[in-house]
S.K.: 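For reference, the structure I am asking about is given below.
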Amino acid sequence: MSTVFVNDIEVEVGPRDNLIQAARAAGVEIPHYCWHEALSVVASCRMCLVEVGEKKPDGTIAMGPKLVPACQTPAKPGTVVKTETAKVKTGQQMTLEFLLLNHPLDCSICDQAGECYLQDYTYKFGKAQSRLNEPKVQRLDKYHIGEQIALFTDRCVMCTRCVRFTREISGTAELQVVARGSVEEIDVFPNKPCNNKLAGNVVDLCPVGALCSKDFLYKKRVWWLKSQKSVCAGCSTGCSIEVDQNEDHVYRLRPRANPLAQGHFMCDEGRFGFKYVQSTNRLSGPTSKSIATVGVAASAVTKFNGNVAGKLFQPADLAVVDHWPAAIQEAREKIKAAVDSSASSFAAVFSPMMSVEEAYLLASYLKGLNRNVKLLMGPVPVVGEDDCYPKNVNGSAPTAEKTKFTIRAEKCPNRLGVEKVLKHFQGALVPIEDAIQGAHGIQAWYFVGGYATPDDSIGWVSPSIAKATEPAKLLIVQDIFPSVLSKRADIVFAGAAFTERDGTFINHSGLAQAFRAATRPPQASRADGRILNELCLRQGLYNTEFLRKEIASKIPSLESLSVGDLGVHGVELHQLVGAHL
Amino acid sequence: MTNASFEPVLLARINKPDSASLASYKADGGYAGLRKALDMTQAQVIDLVKASGLRGRGGAGFPTGMKWSFLPQNITGPIYMCINGDESEPGTFNNRILIEEDPHQVLEGIVIGCYATRATTAYFYLRYEYGHCYRTLQKAVDEMYAAGLLGKNILGSNYSLDIHLHRGACAYICGEETGLIESLEGKRAWPRIKPPFPAVEGAFRRPTVVNNVETMACVTHIVNRGAEWFQSMGIAKDPNNPRDAGSYGPKLYCISGHVNKPGLVELPLGVTARELIDKHAGGVWKGRKAKAVVPGGISMGFMSEAELDTPLDFAGPGRVGCLGLGTAAVIVIDDHTSMVDVLYNACRFFAHESCGQCTPCREGTAWSTKILERIRSGNGKLSDIDLLLEISSSIGTIPGTTICGLADGAAWPIKTAIAKFRPELEEYIRSGRKSAAPQLVGAH
Amino acid sequence: MNWYEIWAELWPTLIAIGIILAVVPVVGLYATFVERKLAAAVQDRLGPNRVGPFGLFQAIADGIKIFLKEQIIPSHVHTFIYMLAPCISLMTAMFALAVLPYGPTPVNYFGGLRFIVMPGLDISLLIMFAISSLSAYGIILGGWASNNKYSLYGAIRSCAQFISYEIPMGLSVIGVILVAGSMNIETIVASQGSGDGISGWNLWWQPLALIIFFTSALAETNRLPFDLPECEQELVGGFHTEYGGIKFVLFFLAEYTHVVTVSFLTTLLFFGGWHFPGVPSEVTASYGILALQMLVLLVKVCGVVCFIMLLRWALPRFRFDQLMGLAWKGLIPLAMLNLVFLAVFESLGWHRWPLAVLSVLLFVAAGYWSAWQSQSFVRKASVT
Amino acid sequence: MSTAETPVAQVEKKQKKKTVQWGDDPKIGFVEALYLPAIAGGIATALKHAFFKKRSTAQYPEQKPEMPPNYRGVHRLNRDEEGRVKCVACYMCQTACPANCIEIIAAPAPQDDPKWANRDKFPATFTIDELRCIYCGMCEEACPVDAIELTSIYDLTGMSRQEMIFDKEKLLSVFDETSKAGLDPVRTNRGALGPASEKSMQSTDSPPPPGRGKHG
């Protein structure tokens, strides 16, 4: 640790920190464009220039004669940083004026407007007027730069974050600087676009609106987006994310820096893979064979058609009779009857897409009815192998210690969490594949799905599962998409996707992270936690914080959850209770 | 020693026939210095160079011996030496003559320098335009390998050295030492942030020394003739100024511009510009008077006619507001030439050569060019002069806003021109006249 | 009485009632039209001019529209009284017309045709006052039943206003009764007759009583400048805030009926009724004379109605304390003094002409006293 | 007043006095106290207007009023010189609108259409609910490219609510009609948004005029 004085505020910072981080610790913002925590230092934007001096042991301060880039200067003990002197301010103003010289100022059509560092810093540190009287350098937009990214060349401030990202994090090195001086640009080699699986991150990295996501391009102005801290459900890495939504429509996911989970970035599979959430094919409400088909008519899918003209003025969705109480009541009675007649022929299948709380609710309820009820682990989707970055020149994966980002092969967020719950309640983990081979005679099934399979032809139900459940007397399915099972089921509960639920996911390394609902479930579908809460006849509302404490007290391997609020970074399961703050 | 009695040292052999050949060089006593140096310890060579007070001839004038001694001691692995032959400062051609006419003089110095710095590989970075230099040098290096002056166990000693020639790709910024290193590594020549300095982490992340061609030529002679001989020339250090390292030794002055007899002369450091023009360059052409003189490459700024008696040593130009001696490339501008045109040309050069890494340099150089372009199109405003001044004083390493000194070089012509020729600039703007746009190659 | 006599008495009465019932709503409707036209004229506008020639059918269109409007009964009202109030309001207003002659009653024309519902009633003026006091009843009921604080405020205000202005009105009319020696309005009108048809009017020797009466009567009609029970700026709509459609129209009609009643009374009591210079006062005249007399009365009444409407655009509304002050501090003492003078003159049998002068003097004195009062009050307030 | 009062008490008393301000009734004079002259004056004024003043009523459907140039009526979407919708779909009007009556859906400009080649973004739909609008003019203020303007059309009627929801074509047709009639010339012209949206730029030879029209 070293003691640094930022604007006369004394702070303790780590030995590897630079002055930007030191100032941050002191609550002082030093503006910067090119510096990024996860990337190498180039100190080229010259926005973070500050005055630096040294506090001698005798207490005198010797200030340096020059402005110094804060990003490049290590926070040595006794360093004195001044960020508000006239010299620094003039420097910031000049740098901003330089940066804006050739910037087109087309904020009105720029997707970055509202979260743009040029805007923010100009507002805070810049001058109101540019003295440029000459025409700006104009450049062509490059839509070809990547499948998912477009480069608005003239907005670029040449911070080279994107270039460094492709060299240092993805290792694919597609992006580069071409030309020189004020006409230099970011570009790719001809016919070698930036299409690596992490390419979407350059959009987040870009401090201005130069690199834009084609997927999000012009969809919404960012000031209308409301963010919710969540966890990506794409794979078992469990990237911390922000879900940006407006009017219950998720527009984009953004990575949220989490040193415990994935670092600063996320992969494009996760970033763009949330689209199934707003599929029109979703189950829309509870259905039951005995009561008339319930739920919302298929016509009321207007909620998803966010891009229909004049939707603002359409009358609200038709009033819907709430069929949930009846459906849940019926399910409860049928489960009870089935368990009472033969407990060992009742099986519940848990999906690794469930949250810990949901798994706990269902497992404790069923085991509470009878100890002999079978709890099975549902199919765990695994695709290929773990994909590690940065790739080397040949495109092969790096060694373990050099790996900076991994896309996991296990395409589900919470296998570990569900396993821990099942192990606790049943002692051993029984995958469904084993169960349907070994033990026949299961008469009643409770299936939980939740897999991202918007197209039912490639649903998660394997032929063997479908076959094994054919003779069932009772089939209850809780899922988000229709499947072979849901079509045959006695009762179907329409659940919610990960952006619509509250809960806890435990990732591949045992990091428990809380995710929170960003949007409401579509139409008459319901968050799974709420369904199960009601099914179990529990008092009060579904409350994850309360449930985590309860789980921690019941399941020793999940004791770390006893903090309730898992914080923004989550809690590692091996951590002792109380050590985490 | 007076200038009149000065015998050229570096240029002593240039007019000899076949001066570039090893045989001719050896005939004139060449490689005696190398043998001498190899008999000394490395520390002794460094001390000798230190004692001579040799300062780098590339422009910044950093004491060479001190630079060599910055290399970290007790390290394993290779140390590299880079020879900066990327001579791209406008008006400068001393390295070219040295390489073309007397390459072995330079190469001997390089071997000595490498020996002193324990470098095992030297990279001779040559700008691409110097095709003839490249061929001459390659021939000379081949001769040296053949003669055992390079390669394993030079002259029977246990010191081995390889010299690689590397041709750059025509960028001014490659003359900057870290830019040169980046370029050498095959990357974009973006100067590196310092620290770490090249002496600690340079080419290929190894300790590296970067020296100018002329500096290495001087090393040869220092080893040959001793430090006292070197100290006998030039201007002694100011005893009252502890930061002044003195200006010793001979220097190649390139004279160009509006003079009757442009060329390269070798003189002890400290000769005045007036003497150079009148005595060695045959005076200003067409009987005109000099209006301004660039002391050492355009990036050093301008001296006015009244300042022509300033001695051109390492400290002299600085006293009249110029950036320094630079490469001692004196460019003479006669009184028929508009300073706006001169300034525009300078600015355009730097805007074109800015590497584009640091914002102030990338945008500032281009902006000042645009402003001058507008002034020259007759649409200037008097406030533009202040704007130019503000731009020029906010870019560069002196205010601390850029990584390398290119921006300083771009700023100094503007600053000195405005400081010394402001009335002329104002008159130009007021008159609203237009200059014909010069057709320069490579302008964007 | 045998059946024939009953019938002979009944049918002119029924006809008279019929005439009033038929005419008054129409008059009310057209009064709105006239008022709108008049208001437009005062405000440099044109007024209704789209429906029919000169907009003449506007009133009918409005009437049809308002009759066809949806009947809304707010959920929070006392329904029965809420419905009853406008009926009472209009009923009492109409009832007052029963004792007002709209023409000289001819003797035995058509076997007893007459222009009054209750002919020959000796206490007709008393009945008139008794009934007109009842009009506060409808307003109070309406305001209370609406269950709305603004309505109630309006009702209470109107209650206070009615009580206050009954007194000066009554006092001022006593003078007329004394002069005529009768409370029968027909007699009073007849007593104003004279050879030249104009010199007998009560107006001449009781100008002060006229002013007091007219002011008080105006206050009784709830019209500007005395429309405090319903003033929009303070009480939204006052007692009829919660009323709409036909129920509102009933209130409205009642108000206009009051205007007509007041105009009739003013004309009959002070402006010589159907007497007019050049028109013989004798009742024995022919049909032509009769018609002419009725026309004269009508013209006079219309004049007063128009004057009332004009006042609306000429005067600002009183403040409530000013309203009360005017009645209690101004009109009542003045009316009493006036009555005393008149009583003295009448009892001593003096000629009545000096009364006019005395009236004016009295009025001037009151004005002077009022001004002095105002000055001294202000002076006192500034001391404390 | 008692002499024993402390200065503090006196001060307090003074302050107390000041806390209540009495508004005195205006002093009325003799003539005013008589009321009748004032009443007569009022009546005279009323009569004067009734009989001697010119009626100022305009017979509306036959006589159309001329609206002041800053009248805020029905919206229109302006076209640029090339006939494209001027709007760049920046959502500023939608953001500024206090009544939430504007709904824009943006899309990338059709890049294969040469007409749109120099535009990045355009409004795929642009809808204004004229019934919800309060005609405050904020959208006009907010528009950085002067694409939305309020015209002097005031007599907006319709038979259904749906009819009063104006889409892009309708708003453009309002522009076509109003600009053709010459009633509502394009009132503001702040010039190009920037090179990213508009290709034409002022030439370097003439410095931009001072004040308005400057960009950057």
Side-chain angles (χ1 to χ4, degrees), chain A residues 33-35 40-52 64-74 87-88 90-103 127 130-137 156-160 163 167 176-186, chain B residues 170-173 187-196 348-375 377 379-381 383-384 386-388 390-391 393-404 406-407 410 442 444:
Chain A
Y33 291 108
C34 66
W35 180 75
S40 63
V41 177
V42 289
S44 68
C45 73
R46 314 311 278 187
M47 195 61 224
C48 64
L49 296 174
V50 289
E51 277 196 86
V52 169
K66 291 180 180 182
L67 292 172
V68 168
C71 66
Q72 183 209 341
T73 313
K87 206 166 162 188
V88 174
T90 316
Q92 286 166 343
Q93 283 184 356
M94 280 309 284
T95 305
L96 276 169
E97 191 172 6
F98 285 138
L99 284 173
L100 290 172
L101 272 189
N102 285 319
H103 189 88
K127 258 194 291 221
S130 169
R131 291 170 289 184
L132 181 79
N133 272 318
E134 293 78 22
K136 297 186 177 216
V137 178
C156 179
V157 294
M158 298 309 299
C159 68
T160 68
V163 177
R167 294 190 180 168
Q176 53 173 331
V177 179
V178 298
R180 196 165 70 182
S182 67
V183 290
E184 70 183 356
E185 298 174 1
I186 303 292
Chain B
C170 328
Y172 179 73
I173 196 61
K187 299 181 193 154
R188 210 181 146 78
W190 274 8
R192 292 179 181 173
I193 46 174
K194 289 156 272 200
R348 197 161 61 156
F349 174 77
F350 288 111
H352 183 233
E353 292 297 343
S354 170
C355 77
Q357 190 177 199
C358 307
T359 307
C361 171
R362 176 179 74 232
E363 303 295 345
T365 52
W367 190 11
S368 46
T369 311
K370 280 180 183 174
I371 293 171
L372 282 161
E373 210 166 278
R374 184 161 48 77
I375 291 175
S377 71
N379 291 316
K381 294 182 285 189
S383 61
D384 287 339
D386 289 325
L387 184 56
L388 279 172
E390 195 180 332
I391 295 170
S393 49
S394 62
I395 61 176
T397 52
I398 309 265
T401 60
T402 56
I403 292 172
C404 81
L406 187 145
H444 53 262

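All heavy atoms count here, side chains included; hydrogens, waters and symmetry mates do not. In the text below, chain A, chain B and the rest are named by the order of the sequence lines, each starting its count at 1.
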S.K.: Could you give me the CA-CA distance, side-chain angles and deciding distance for Leu101(A) and Lys136(A), then say whether side chain to side chain contact (heavy atoms under 4.5 Å, CB included) is met?
M.R.: CA-CA 7 Å; Leu101(A) 272 189; Lys136(A) 297 186 177 216; over 6 Å; no
S.K.: Under a 4.5 Å cutoff for heavy-atom pairs, which residue among Ile193(B), Ile173(B), Ile395(B) has the most contacts with chain A?
M.R.: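 It is Ile193(B).
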S.K.: Counting only heavy atoms closer than 4.5 Å, note whether Pro360(B) contacts chain A via side chain, backbone, both or neither.
M.R.: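 Interface part for Pro360(B): both.
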S.K.: Checking heavy atoms, do the side chain of Lys194(B), its backbone, both or neither come under 4.5 Å from chain A?
M.R.: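 The answer is the backbone of Lys194(B).
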S.K.: Between Val50(A) and chain B, with a heavy-atom cut-off of 4.5 Å, which part of the residue counts as in contact: side chain, backbone, both or neither?
M.R.: neither
S.K.: With a 4.5 Å cut-off on side-chain heavy atoms, are Glu134(A) and Ile371(B) touching?
M.R.: yes
S.K.: Sort Pro195(B) into side chain, backbone, both or neither according to what part of it lies under 4.5 angstrom from a heavy atom of chain A.
M.R.: both
S.K.: Side chain, backbone, both or neither: which part of Met158(A) has a non-hydrogen atom closer than 4.5 Å to chain B?
M.R.: both
S.K.: Measure across Cys159(A) and Cys34(A) and return the closest heavy-atom pair with its distance rounded to 0.1 Å.
M.R.: O-CB, 3.4 Å
S.K.: Check step by step if side chain to side chain contact (heavy atoms under 4.5 Å, CB included) holds for Asn379(B) and Asn133(A).
M.R.: CA-CA 10 Å; Asn379(B) 291 316; Asn133(A) 272 318; over 6 Å; no
S.K.: Under 4.5 Å heavy-atom distance to chain B, tell me which part of Gln176(A) shows up: side chain, backbone, both or neither.
M.R.: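 Neither part, no heavy atoms under 4.5 Å.
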S.K.: Considering non-hydrogen atoms only, spot the tightest contact between Cys45(A) and Thr359(B) and give its length.
M.R.: O-OG1, 3.0 Å
S.K.: Going by an N to O cut-off under 4.0 Å, is there a salt bridge joining Arg188(B) and Glu184(A)?
M.R.: yes
S.K.: Taking Thr365(B), Asp384(B), Thr397(B) one by one, which has the highest count of heavy-atom pairs under 4.5 Å against chain A?
M.R.: Thr397(B)
S.K.: Relative to chain B, which segment of Thr160(A) carries a heavy atom at a distance below 4.5 Å: side chain, backbone, both, or neither?
M.R.: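 Interface part for Thr160(A): side chain.
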S.K.: Let me know if Leu387(B) has heavy atoms under 4.5 Å from chain A in its side chain, its backbone, both or neither.
M.R.: side chain
S.K.: Counting only non-hydrogen atoms closer than 4.5 Å, does Leu99(A) touch chain B with its backbone (N, CA, C, O), its side chain (CB onward), both, or neither?
M.R.: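 Its backbone and side chain both get close to chain B.
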S.K.: Among Gln357(B), Glu353(B), Arg192(B), Lys370(B), which has the most heavy-atom pairs under 4.5 Å with chain A?
M.R.: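 Of the options given, most contacts go to Lys370(B).
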S.K.: Just how far is it from atom CD of Glu97(A) to atom CH2 of Trp367(B), taken to the nearest 0.5 Å?
M.R.: 3.5 Å
S.K.: With chain B, which of Val42(A), Val68(A), Thr90(A), Thr73(A) has the greatest number of heavy-atom pairs at distances under 4.5 Å?
M.R.: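 Of the candidates given, the most pairs with chain B belong to Val42(A).
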